[in-house]
Structure formats: C-alpha cells, structure tokens
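See below for the structure under consideration.
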Amino acid sequence: MGDQHAPLFAVVRDQLRKRILSGEFHPGDRLVEGKLSEEMGVSRIPVREALRELASEGLITIEPRRGASVAVLSDEIAFDMAEVRATLEGLNAKLAAQRRDDKTIKNLQSILQQGRDALAANDLDAVNTLNSHFHESLATTAGNVVLTDLMRTLRDRTALLFAPSNMQRIEQNWEEHAQILNAVIAGNAELANLLATQHVHNAATAYQAISKQ
C-alpha cells in the first residue's frame with residue numbers, strides 16, 4: 001500500500017470502507033488497530049487516522065477501552081433511514097418511468113447486465129460499484145436535480161444499512177433492480193414507485209437480520 005500516490009491513511013480508509021460495505025465486516029465486528037496494520041502492511045498511525053474518519057462517517061464507532069467496531073444502527077434509526085430513503089427512491093423510480101428515453105434505458109440495461117455478469121464471476125467489488133451506478137443512472141433518468149442531490153447525500157448516510165449481508169441478498173438485490181427497470185421501461189410509474197420502495201425495505205430488513213446474529 002505504500003506505493004499508492006494518495007495519502008496513506010486515505011488508502012487505508014478506502015480499503016476499510018470497501019470491506020465494511022462489501023459485508024466482509026459485519027455490524028459489531030471489532031476493528032483492531034494492530035491486526036489491521038499487519039494485514040495492510042502499514043503502521044498503526046494511518047490505521048488510527050482512517051478509523052477516526054470512518055467514525056465521522058458513521059460507519060464505525062470508537063469507544064474507550066473497547067476500541068473500534070463496525071457500527072450497529074438501532075432499530076429506530078434503521079427504520080427512520082429506511083422510511084426516508086424508501087420514499088425518495090420510490091419517487092425517483094416514478095419520475096424515471098415518466099421521463100425515460102431510449103438512451104437512458106439502454107444505459108440502465110447495460111448496467112443491469114454488467115451486474116449480472118459480475119455476480120456470475122463472484123466479483124463483489126464490481127457488483128457494489130455497479131449497484132451505485134444503477135441508482136445514480138436511475139436518478140439521471142428521473143431528471144430532478146434537487147432529488148438527485150438529496151439521494152446522493154442520503155445514500156452516503158445509509159451506506160451501512162444497505163451493505164450486502166450475504167450472497168442470497170446480493171442476488172435478490174439485482175433481481176429487484178431488474179423488476180424496477182422493467183416497470184420503468186413499461187412507463188408504469190406507480191409500479192416503479194412501489195417496487196423501488198419495497199427494494200429499500202427489503203434491504204433494511206436484511207440488515208436488521210444480520211445485525212442480530
């Protein structure tokens with residue numbers, strides 16, 4: 001990692017964020033500075049700095065004497081996040097169905113196929129990246145700049161809530177994307193709204209199940 005051009009703590013931070021959001025680390029898992037520094041081939045200082053920044057993002061918690069661990073969202077906070085995001089994702093899909101065109105539909109179909117290919121290859125890093133691209137492209141199709149900005153901020157705040165919990169959920173996630181896209185292509189705004197809203201609630205339910213294990 002020392003060969004990277006970015007500041008070392010930023011490289012460590014990005015790697016840890018990826019490992020958390022990929023589901024490698026589960027809610028409540030401890031993140032031990034010494035172990036992480038050995039794994040990543042760096043000193044404890046950039047690891048400590050990375051953990052502090054991830055704590056500011058809400059992805060981890062740092063407690064006296066216990067150290068750092070992956071954040072566990074309370075049921076109340078998880079529900080509130082899901083409630084808000086579900087409403088906005090539903091509106092996003094509804095507008096996309098009303099404002100779609102051939103170019104945006106082809107782009108969404110391409111992302112969907114790339115996601116399926118990445119799943120088949122078990123390339124979870126690519127799956128996570130394509131998941132973000134799908135939602136971002138859906139927002140572009142919706143064509144509401146204010147909603148797009150709100151959704152970007154909310155996705156950052158709810159990243160932990162929607163981190164994949166297991167392969168079954170990851171596969172279900174992409175099947176739900178396909179259903180949303182089919183409704184968008186058909187111009188069925190109300191169905192797209194319903195499916196996108198349920199998509200968020202399904203992800204939240206999966207998070208709550210894994211956090212209680």
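Keep in mind that the numbers below use all heavy atoms, side chains included, and drop hydrogens, waters and symmetry copies.
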Reported CD1-to-CG distance for the pair Ile170 and Asn131, which is rounded to 0.5 angstrom
9.5 Å
A side-chain contact here means heavy atoms from C-beta on lying under 4.5 Å apart; do Leu21 and Leu59 qualify?
yes
List the atom of Gly28, the atom of Val72, and the distance in Å for their closest heavy-atom pair.
N-CG2, 3.3 Å
Heavy-atom count around Asp101 CG within 6.0 Å, excluding the residue itself: above 12?
yes
Would Lys18 and Glu24 count as a salt bridge (Lys or Arg N to Asp or Glu O under 4.0 Å) here? Give the steps.
CA-CA 9 Å; Lys18 182 185 293 185; Glu24 180 180 344; over 6 Å; no
Donor-acceptor check, side chain of Arg152 to backbone of Asp149, threshold 3.5 angstrom: yes or no?
no
Using ring-ring contact (aromatic ring centres under 6.0 Å, His included) as the criterion, list what pairs up with Phe25, not counting sequence neighbours.
none
Taken in chain and number order and not counting sequence neighbours, the residues that satisfy side-chain contact (heavy atoms from CB on, under 4.5 Å) with Gln109 are Ile105, Lys106, Leu181, Ile185
Answer yes or no: is there a side-chain heavy-atom contact under 4.5 Å between Glu176 and Asn202?
yes
Determine, using the 4.5 Å side-chain heavy-atom cutoff (strictly less than), whether Leu31 and Leu8 are members of one ILVMFWY cluster.
yes
To the nearest 0.5 Å, tell me how far Leu130 CG sits from Ser137 OG.
9.5 Å
Any Arg17 side-chain heavy atom under 4.5 Å of Glu57 side chain
yes
Does one hydrophobic cluster hold both Met151 and Met81, with members joined at side-chain heavy-atom distances below 4.5 Å?
no
Please work out whether the ring planes of His177 and Phe134 are parallel, tilted or perpendicular, with thresholds of 30° and 60°.
parallel
Do Leu191 and Leu95 share a hydrophobic cluster (ILVMFWY, side-chain heavy atoms under 4.5 Å, transitive)?
no
Working note: Thr148 + Val146, criterion side chain to side chain contact (heavy atoms under 4.5 Å, CB included); need CA distance, chi angles, decisive distance, verdict.
CA-CA 5 Å; Thr148 298; Val146 174; over 6 Å; no
Checking Glu63 now: which residues fulfil salt bridge (charged side-chain N to carboxylate O under 4.0 Å, His left out) with it, not counting sequence neighbours?
Arg66
Should Leu154 and Leu147 be counted in the same cluster of Ile, Leu, Val, Met, Phe, Trp and Tyr side chains packed under 4.5 Å apart?
yes
Kindly give the heavy-atom pair with the smallest separation between Ala97 and Ala183, and that separation in Å.
CB-O, 4.3 Å
To the nearest 0.5 Å, how far apart are CD1 in Ile20 and CD in Gln15?
11.5 Å
Output for pair (Glu190 CD, Lys94 NZ), nearest 0.5 Å, gives 4.5 Å
Are any of the side-chain heavy atoms of Gln179 and His199 separated by less than 4.5 Å?
no
Here the pair of heavy atoms bringing Ala82 nearest to Val200 is O-CG1, 3.7 Å
Answer with yes or no whether the hydrophobic clustering places Ile60 together with Ile77; edges join I, L, V, M, F, W, Y residues whose side-chain heavy atoms lie under 4.5 Å apart.
yes
Atom OG1 of Thr87 and atom CG of Asn92: how far apart are they, to the nearest 0.5 Å?
12.5 Å
What residues form a salt bridge (charged side-chain N to carboxylate O under 4.0 Å, His left out) with Arg13, not counting sequence neighbours?
Glu53
Is it true that a side-chain atom of Arg100 and a backbone atom of Val184 form a donor plus acceptor pair closer than 3.5 Å?
yes
Only pairs at least two apart or in different chains count here, so list each side-chain hydrogen bond (donor to acceptor under 3.5 Å, both in side chains) that has a residue in residues 31-42.
Arg19-Glu39, Glu33-Arg48
Contact check, side chains of Trp174 and Val127, non-hydrogen atoms, under 4.5 Å:
yes
Is a side-chain N or O of Asn193 found less than 3.5 angstrom from the main chain of Ala189, in a donor-acceptor match?
no
Close side-chain approach of Leu88 to Arg85, heavy-atom, < 4.5 Å:
no
Determine whether Arg155 and His135 make a side-chain contact, defined as any pair of heavy atoms from C-beta on separated by less than 4.5 Å.
yes
Going through the distances and angles, do Glu171 and Arg116 end up as a salt bridge (Lys or Arg N to Asp or Glu O under 4.0 Å)?
CA-CA 8 Å; Glu171 292 172 349; Arg116 286 171 167 163; over 6 Å; no
Taken to the nearest 0.5 Å, the spacing of Leu51 CG from Thr61 OG1 works out to 10.5 Å
Could you walk me through whether Thr140 and Glu136 pass the side chain to side chain donor-acceptor pair (under 3.5 Å) test, one step at a time?
CA-CA 6 Å; Thr140 300; Glu136 186 71 20; 5.0 Å; no
Asp29: salt bridge (charged side-chain N to carboxylate O under 4.0 Å, His left out) partners, not counting sequence neighbours:
none
Apply the test side chain to side chain contact (heavy atoms under 4.5 Å, CB included) to residues Glu89 and Thr197: give CA-CA distance (whole Å), side-chain angles for both, the deciding distance (0.1 Å), then the verdict.
CA-CA 6 Å; Glu89 290 284 10; Thr197 299; over 6 Å; no
